[in-house]
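Take a look at the structure below.
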Amino acid sequence: MNPRARVDSAPIPFIDVGAQRRRLGRSIDDAIARVTSHCQFLGGPEVAAFEADLAAFCGARYAVGCASGTDALMLVLMARGIGPGDAVLCPAFTFCATAEVVVLLGATPVFADVDPVTFNIDPSSLLRAVATAKRHGLNPKAVIPVDLFGLPADHDAIAAIAKSEGLYVLDDAAQGFGATYKGRKLGTLAPATATSFFPAKPLGCYGDGGAIVTDDSALVEMLRSLRVHGQGTDKYDNVRIGMTSRLDTIQAAVLIEKLKIFADEIDARDRVAQRYAAGLEDVSIVPVVPDGYTSIWAQYTIRFKPGIRDALAAKLKAEGIPTGIYYPKPLHRLEAYRSFPVVDNGIPVTDQLAEEVISLPMHAYLDPPTQDRVIDAVRAAIKP
Ligand SMILES: Cc1ncc(COP(=O)(O)O)c(C=O)c1O
C-alpha cells in the first residue's frame, strides 16, 4: 500500500480530546498534582475559584458547580419546587436529559416543535405547548430551551412568552455554553442556565461535571444546599430533601486550566465551521447562524433529503471518517418518553430533522488538510 493512501484512510477522531490534552501539557498535570497534594478532593479551593472564573467568563454573578449537566438541570427544577401536576415545556429534538429530570421530579414534559433553520424551540410551538399542557390539566410552570449543537435558542422570544405565561426559564446550555446571543453570553439570558462538562462538550472536564450559572442569589443559596443533601447550617442539619451532586475538586482544577484557552478554542471552532460551510454549502444544507448569534459548534450538523445520510455515513466510515446522528429518535418517539404530551398538532419539523441530520467531526484542533479530507469524502460519497 502506498503510504499516502494509508494516511488518507487513517481513522480520524470525531472529537480529539487528546490534541487539547497535548496542548495543555504540564499545566493540567500540575493542577491535578496540587489537588493530590492538598487532598481536599471535595470542596477544595479550586471549586470556588473555578465557580468565580466561570461566572466571570459569561458575565453572570454566580456559578454553582455540580456533578453533571443533568444534575444542573435537576437541581434548578428542585429549587423551583417543580413536581406532580406541573408541566415543563421543552423541545423533543434534544438529548434525553432535558426531559428526564422533569420526569424524575414527578412533573410532565410537554414537547414543542423546533425551528427548521436553527433546530431550537419554535416560539409559536412553545405557546401551543402552554395550551396543550392546560388541556391535559397540568400547570405550565417552566420552559427548558436547549441551545442545540451550540447555537443559542431565540432567548428574547422565549423570555417574552415566559413573561406573559408565567413560566420560569431554565436554559439547557449543555451544548451551547460559550456561545452568544445579541452580544451576551449564554449564562446571562435566562434566570438560570445549566451546563455540562462531559468530556466531549466544548468545555469538558476529565469525567462528569456540570454547573448552574445565574444572577439570583436566593437560587444560589438553595442550590448550594440541594447539592449536599439539602444541608442547612452544616451538613448534618438537613433542612430539605437534596442529593449528592458536587463538582469534584480535581475536575474544577482541570476546568480552571481549560477555561484559560476556551476563548481561543471558540475562535478555532468557528474557523472549522466556516471551512465546512464553504466546502459543503452547495451539496448539503449547512447550519445557519442568525444575525446577532454566535455558535460554539458543539456539533457541525448538515442535512440531506431523507434516505441519503445512512449510505453517506457508511461510506465515510469505510474511509476512517466517523459521523454522528443527533438524534435518530426525538424524545417523543423514545419508549421512555412516548406517553408524554406533544403539542396538539404534532411536531413535524422535529420528525423531519431526525431523518435528515448528520454530524461531522468537529473540534478546535481539526487541521485544514484533515478537514478537507472530510469535505472531499462527503462530496464524493453523495455524487449521483
Ligand atoms: C442538551 C443536553 N442537556 C443535558 C445534558 C446532560 O449533561 P451530562 O451528560 O453532563 O449529564 C447533555 C449532555 O449530553 C446535553 O447534550
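Only this structure's heavy atoms are used, side chains among them; waters, hydrogens and symmetry mates stay out.
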Practice item. Take Asp86 and Lys141 through the test salt bridge (charged side-chain N to carboxylate O under 4.0 Å, His left out) and record every step on the way to the result. Key: CA-CA 6 Å; Asp86 296 337; Lys141 282 275 181 68; 2.9 Å; yes
Check your understanding: Between Asp113 and Thr350, is any side-chain donor less than 3.5 angstrom from a side-chain acceptor?
Key -> yes
Exercise for review: Would you indicate whether the side-chain heavy atoms of Met222 and Leu75 approach each other to under 4.5 Å?
Suggested key: no
Exercise for review: Please report the closest heavy-atom contact between Ala99 and Cys90, naming both atoms and the distance.
Suggested key: CB-SG, 4.2 Å
Review point. Linking I/L/V/M/F/W/Y whenever their side-chain heavy atoms sit closer than 4.5 Å, directly or via other members, would Tyr326 and Leu316 fall into one cluster?
Key: no
Point to revise | Flag for Tyr365-Arg22: side-chain donor and acceptor within less than 3.5 Å | key: no
Check your understanding: Quick one: which of Phe95, Phe119, Tyr300, Trp297 gives a ring pair (Phe, Tyr, Trp, His ring centres under 6.0 Å) with Phe149?
Key -> Phe119
Review point. If only atom types and distance count, is the side chain of Thr94 paired as donor or acceptor with the main-chain N or O of Pro91 below 3.5 Å?
Key: no
Check your understanding: What's the shortest heavy-atom distance between Pro202 and Glu265, and which atoms?
Key -> O-OE1, 4.2 Å
Point to revise | Backbone of Ala211 reached by a side-chain donor or acceptor of Thr195 within 3.5 Å | key: no
Practice item. May I have all residue pairs that pass salt bridge (charged side-chain N to carboxylate O under 4.0 Å, His left out) and include part of residues 247-256, sequence neighbours excluded? Key: none
Check your understanding: Side-chain donor-acceptor pair under 3.5 Å between Tyr181 and Asp154, yes or no?
Key -> yes
Review point. Can you pull the salt bridge (charged side-chain N to carboxylate O under 4.0 Å, His left out) pairs that have at least one residue in residues 221-238, sequence neighbours excluded?
Key: Glu51-Arg227
Review point. Given the rule in the side chain to side chain contact (heavy atoms under 4.5 Å, CB included) test, do Tyr327 and Ile325 qualify, once you have shown the distances and angles that lead to the verdict?
Key: CA-CA 5 Å; Tyr327 295 91; Ile325 308 291; over 6 Å; no
Practice item. Would you please test Val64 and Val220 for side chain to side chain contact (heavy atoms under 4.5 Å, CB included) and show each step? Key: CA-CA 7 Å; Val64 178; Val220 168; 3.9 Å; yes
Check your understanding: Is Asp171 reaching over with its side chain to a backbone N or O of Gly187, donor-acceptor style, under 3.5 angstrom?
Key -> no
Practice item. Would you check if the side chain of Asp115 reaches a backbone N or O of Asn120 as a donor-acceptor pair within less than 3.5 Å? Key: no
Check your understanding: Cation-pi between Arg80 and Tyr168: NZ/CZ under 6.0 Å from ring centre and within 45° of the ring axis?
Key -> yes
Check your understanding: What's the verdict on salt bridge (charged side-chain N to carboxylate O under 4.0 Å, His left out) for Asp282 and Arg379, showing C-alpha distance, side-chain angles and the deciding distance?
Key -> CA-CA 10 Å; Asp282 59 329; Arg379 297 186 71 92; 2.7 Å; yes
Check your understanding: Any idea how Tyr337 and Phe340 line up, ring-wise: parallel (<30°), tilted (30 to 60°), or perpendicular (>60°)?
Key -> tilted
Check your understanding: Should Ile375 and Phe14 be counted in the same cluster of Ile, Leu, Val, Met, Phe, Trp and Tyr side chains packed under 4.5 Å apart?
Key -> no
Review point. Any luck finding a side-chain donor-acceptor pair between Thr108 and His136 under 3.5 Å?
Key: no
**Study point:** Side-chain donor or acceptor of Thr132 paired with backbone N/O of Arg128 under 3.5 Å
**Key:** yes
Check your understanding: Could you go step by step and tell me if Arg23 and Asp264 meet the salt bridge (charged side-chain N to carboxylate O under 4.0 Å, His left out) rule?
Key -> CA-CA 12 Å; Arg23 171 180 175 180; Asp264 179 61; 2.9 Å; yes
Check your understanding: Is the side chain of Lys315 donor-acceptor paired with the backbone N or O of Ala381 at a distance under 3.5 Å, no angle test?
Key -> yes
Point to revise | Thr180 backbone acceptor or donor facing Thr294 side chain under 3.5 Å | key: yes
Practice item. Determine whether Val169 and Leu186 fall in the same hydrophobic cluster, where Ile, Leu, Val, Met, Phe, Trp and Tyr are linked whenever their side-chain heavy atoms lie under 4.5 Å apart. Key: no
**Study point:** Geometric cation-pi criterion Lys201 and Phe177, 6.0 Å radius, 45° cone
**Key:** no
Point to revise | Under 3.5 Å side-chain donor-acceptor pair for Thr214 and Asp216 | key: no
Review point. Can any side-chain N or O of Glu355 pair as donor or acceptor with the backbone N or O of Gly307 at less than 3.5 Å?
Key: no
Point to revise | Heavy-atom donor-acceptor pair, Asp367 side chain to Thr370 backbone, under 3.5 Å | key: yes
Point to revise | Pair Leu151-Tyr293, side chain to side chain contact (heavy atoms under 4.5 Å, CB included): steps then yes or no | key: CA-CA 8 Å; Leu151 183 72; Tyr293 292 54; 3.9 Å; yes
Point to revise | 4.5 Å side-chain heavy-atom contact, Lys305 and Glu356 | key: no
Exercise for review: Apply side chain to side chain donor-acceptor pair (under 3.5 Å) to Gln251 and Glu46, showing your working.
Suggested key: CA-CA 9 Å; Gln251 300 304 345; Glu46 286 81 358; over 6 Å; no
Practice item. Just do the side chain to side chain contact (heavy atoms under 4.5 Å, CB included) check on Val146 and Ile121 with the steps written out, would you? Key: CA-CA 7 Å; Val146 178; Ile121 196 163; over 6 Å; no
Check your understanding: Backbone N or O of Gly204 within a donor-acceptor pair of the Lys258 side chain at under 3.5 Å?
Key -> yes
Study note, to complete from the structure: Across all chains, not counting sequence neighbours, the ring pair (Phe, Tyr, Trp, His ring centres under 6.0 Å) partners of Phe197 are Phe50
